[in-house]
Amino acid sequence: MKPTFYVTTPIYYVNDVPHIGHAYTTVAADVLARYKRLMGYDVCFLTGSDEHGQKVEKAAVTAGETPLELADRVVKRFQALWERLGISHTDFIRTTQERHKKGVAHIFRDILEKGDIYLGEYEDWYCTPCETFWTETQLIEGRCPDCNRAVEKLKEESYFFRMSRYQEELLAHIDANPDFIQPKSKRNEIISFVKEGLRDLSVSRTTFSWGIPVPGNEKHIIYVWFDALTNYITALGYPDETGNYGRYWPVDVHLIGKDILRFHAVYWPTFLMAAGLPLPRKVFAHGWWTVEGQKMSKSLQNVVEPNMLIDKYGVDAVRYFLLREVPFGLDGDFSHTALVQRINSDLANDVGNLLSRSTAMAVKYFDGVLPAPATLIEVDSALKHKTEEMVGAVDRLMDELAFSKALQVIWEVISAGNKYIDDTAPWTLAKDPANRERLATVMYCLLESQRVTHCLISAFMPSTADKALGSLGWQEDISKEGLQWGGLKPGTTINKAEALFPRIEG
Ligand code: ME8
C-alpha cells in the first residue's frame with residue numbers, strides 16, 4: 001500500500017476575490033502534492049472556501065445578495081482560478097456544505113460534553129473586520145493591533161473554550177516536536193505568545209446569524225475560526241474513522257500565511273487536544289508578498305490579479321516565479337520587472353534554450369533517433385553524477401519546503417547541461433565520422449540529464465515538463481523509478497522542441 005500524504009491550504013474567505021497571495025499558498029501546496037505523488041505517495045490535497053461569519057454577511061448586504069448567493073458567486077472565481085493554475089487538489093470544501101456543518105456541530109458538542117466548552121459572559125474590545133476580541137492591554141493606541149481599525153466594547157453571553165487548560169500541554173508538544181511549527185522564527189513567536197498565558201476563548205457569537213448554530217442553543221453561532229479550522233477534518237468525513245479521516249489524519253502539513261499562524265498553531269491544536277484527536281504534524285507559515293514595495297490593498301488599488309498575470313506571462317512562468325523568487329517562509333516583493341527577468345533568464349535562456357539546442361542537435365546528427373551511449377568519460381560522468389545528486393538534494397529540500405532552493409539545485413543541473421555542450425562541442429565532433437561514438441555518448445548524456453530534470457520540474461511547471469518530456473520521447477508516467485539515470489532507451493524518437501518560453505522584450 002502506498003504511504004499517504006495530506007496537505008492543506010487555508011480555506012479562503014469569499015468576501016474577497018482571489019489575488020496573488022491566495023495563489024501563492026495554493027501553488028505551493030500543489031507543487032508539494034505533485035511532488036509527493038510522483039514519489040509514490042497517496043496524496044490528499046484539500047483546499048476550499050470559508051463562507052460563514054460576519055464579514056461575509058456584511059459583504060452580502062453590500063452586494064444586495066444573500067450570503068449564500070455571494071458565496072456561490074465568489075467561490076466559482078476561486079475554483080476557476082485553481083483550474084487555470086493547474087491546481088491538482090483532490091477535494092474542495094465549502095463551509096456551507098452539510099458534511100462540514102455536521103462535523104463542526106459534532107466536535108463542538110463533543111468538547112462541550114467533555115467539559116472544555118462552557119457558557120459564560122463576555123465583555124471586551126471587539127474588532128469587527130478581524131472578528132476578534134482584544135483585551136485592553138492588547139490594543140495599540142486604543143485600536144485593533146492587527147488592522148489598526150477602531151474597536152468597540154461588546155458584552156454578550158458566550159460559550160467559552162477552556163484554552164487556558166492546555167497551555168502547558170501545548171508548550172510541551174511544541175518542545176517535543178521541533179518541526180511542528182515552521183519556520184523557526186515563527187515557532188519562537190508562538191512559544192512566547194503561549195508563555196504569556198492562554199485565556200479561555202470565546203467560541204460563539206450572538207451578534208449575527210450567518211454561521212453554524214451551537215447544537216442545543218441555536219441563538220448562538222459558532223465562532224468563525226472554530227468553524228473554519230475544523231474543515232481540515234470535516235472534509236475527511238470526521239467523525240467517521242473508517243474512510244478518509246482514518247486514512248489521512250493527522251495532516252502532514254497545513255500550509256498557511258503568517259497572518260493566520262496563531263489560529264493554526266494555538267487554537268486548532270488545543271481544540272484537537274480537547275476533543276482527544278491527534279495534532280497536525282506540521283504547520284508551515286509562509287511570508288507575505290508586497291507589491292512593488294507596498295502592502296497590497298484594495299485602497300491602494302495595487303492588488304495583483306493572478307488571471308491577469310497568467311494572460312500576460314503564462315501559467316508556468318507565474319508558478320515558477322512565485323516559488324523561485326522568495327525563500328518559502330520569508331516575505332517577498334512582487335514586481336513585473338523581477339518576473340520578466342526570471343522569465344528571460346531562468347526560463348527562456350537556461351531551461352528553454354538548453355532543450356531546443358540539444359533536441360535540435362539530436363535531430364541534426366542522429367535524425368531524431370536517440371543513440372546508445374558508449375563508455376562515459378570524465379565530463380559525462382560529472383554531468384550524470386550532478387543529475388543524480390540533484391534528485392537526492394531536491395528530496396531533502398522538498399521535505400523542508402525549501403522550494404526556492406530546490407529550484408536552484410535543479411537549475412544548477414540545467415546550467416551544467418549548457419556548459420556541457422560548450423565543453424564537449426558536439427558540432428566539432430560531428431565533423432569527423434571517427435567521433436561518432438563519442439558524439440552519441442554526448443547526446444545521450446545531454447538528453448538523459450534533461451529528462452530527469454524535467455521529471456522534477458513537472459511538480460513546479462507541469463505543462464512545460466509535459467512538452468519537454470514529449471520532445472524527449474518519454475512516454476512513461478513520471479515516477480520515483482523514472483528519476484534514475486538511464487531511463488531513456490536508445491532508439492527513442494527525439495523531436496526538436498519549440499521554444500518553451502519566448503523571451504519577453506521591453
Ligand atoms: O484568513 N501574501 O482567509 P483569507 C501571501 N478564511 N499570502 C497571502 C497574502 C499576501 N499578501 N494575502 C493573503 C483566511 N495570503 C481564513 C482562513 S483557514 C482555516 C481560514 C494568503 O481569504 C495566505 O495563505 O484572508 C493567508 O493565510 C490567506 O491568503 C488568507 O486568506
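Each ligand, and each atom within it, is numbered from 1 in the order the structure gives. All values reported here derive from a predicted model rather than from experimental measurement.
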Consider every N or O of [X] and every N or O of ligand 1, then say whether any pair is closer than 3.5 Å.
X: Gly257; answer: yes
X: Asp50; answer: yes
X: Leu229; answer: no

Distance from [atom] to nearest protein heavy atom, with residue and atom:
atom: atom 21 (C) of ligand 1; answer: Gly21 O, 3.5 Å
atom: atom 31 (O) of ligand 1; answer: Tyr12 CD2, 3.5 Å
atom: atom 17 (C) of ligand 1; answer: Ile11 O, 3.2 Å
atom: atom 12 (N) of ligand 1; answer: His19 CE1, 3.2 Å
atom: atom 4 (P) of ligand 1; answer: Tyr13 CD1, 3.7 Å
atom: atom 10 (C) of ligand 1; answer: Trp288 CD2, 3.6 Å

Taking [X] first and then [Y], would you say they form a salt bridge - that is, a charged N and a carboxylate O separated by under 4.0 Å?
X: Lys405; Y: Glu400; value: no
X: Arg94; Y: Asp72; value: yes
X: Asp16; Y: Lys55; value: no
X: Lys467; Y: Asp316; value: no
X: Arg199; Y: Asp124; value: yes

Greater than 12 external heavy atoms within 6.0 Å of Phe263's CZ: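 Buried by this count: over 12 neighbours within 6.0 Å.
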Geometric cation-pi criterion Arg342 and Tyr320, 6.0 Å radius, 45° cone: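 Judged by the rule, Arg342 and Tyr320 form no cation-pi pair.
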Ring-ring centroid check Trp249 Tyr238, cutoff 6.0 Å: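 Ring-ring flag for Trp249/Tyr238: false, centres at least 6.0 Å apart.
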Ring-ring centroid check Tyr6 Tyr232, cutoff 6.0 Å: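 Here the rings of Tyr232 and Tyr6 have centres that are no less than 6.0 Å from each other.
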Element-labelled atoms of ligand 1 that are located less than 4.0 Å from some non-hydrogen atom of [X]:
X: Met296; result: 11 (N)
X: His22; result: 22 (O), 29 (O), 31 (O)
X: Ile260; result: 1 (O), 17 (C), 27 (O)
X: Ala228; result: 19 (C)
X: Trp289; result: 2 (N), 5 (C), 10 (C), 11 (N)
X: Thr25; result: 21 (C), 23 (C), 24 (O)
X: Asp259; result: 26 (C), 27 (O), 30 (C)
X: Gly287; result: 5 (C)

Side-chain touch Lys282/Phe180, heavy atoms, less than 4.5 angstrom: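 The answer is no, as the side chains (C-beta and beyond) never meet within the 4.5 Å cut-off.
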Sub-4.0 Å heavy-atom contact, Trp268 with ligand 1: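 The answer is no: ligand 1 sits nowhere under 4.0 Å from a heavy atom of Trp268.
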Lys258 touching ligand 1 at heavy-atom level, < 4.0 angstrom: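 So Lys258 does not count as touching ligand 1.
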Pair listing, salt bridge (Lys or Arg N to Asp or Glu O under 4.0 Å) test, anchored in residues 222-249, at least two apart: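 Pairs touching residues 222-249 that pass the test: Asp42-Arg247.
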Region of Phe263 engaging ligand 1 - heavy atom pairs below 4.0 Å: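 Near ligand 1, Phe263 shows nothing, with every heavy atom at 4.0 Å or more.
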Structural part of His264 in contact with ligand 1, heavy atom criterion under 4.0 angstrom: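 For His264, the contact with ligand 1 is made by the side chain alone.
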Check: Ser158/Glu156 side-chain N/O donor and acceptor closer than 3.5 Å: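 No pair is found: no donor N or O on one side chain lies under 3.5 Å from an acceptor on the other.
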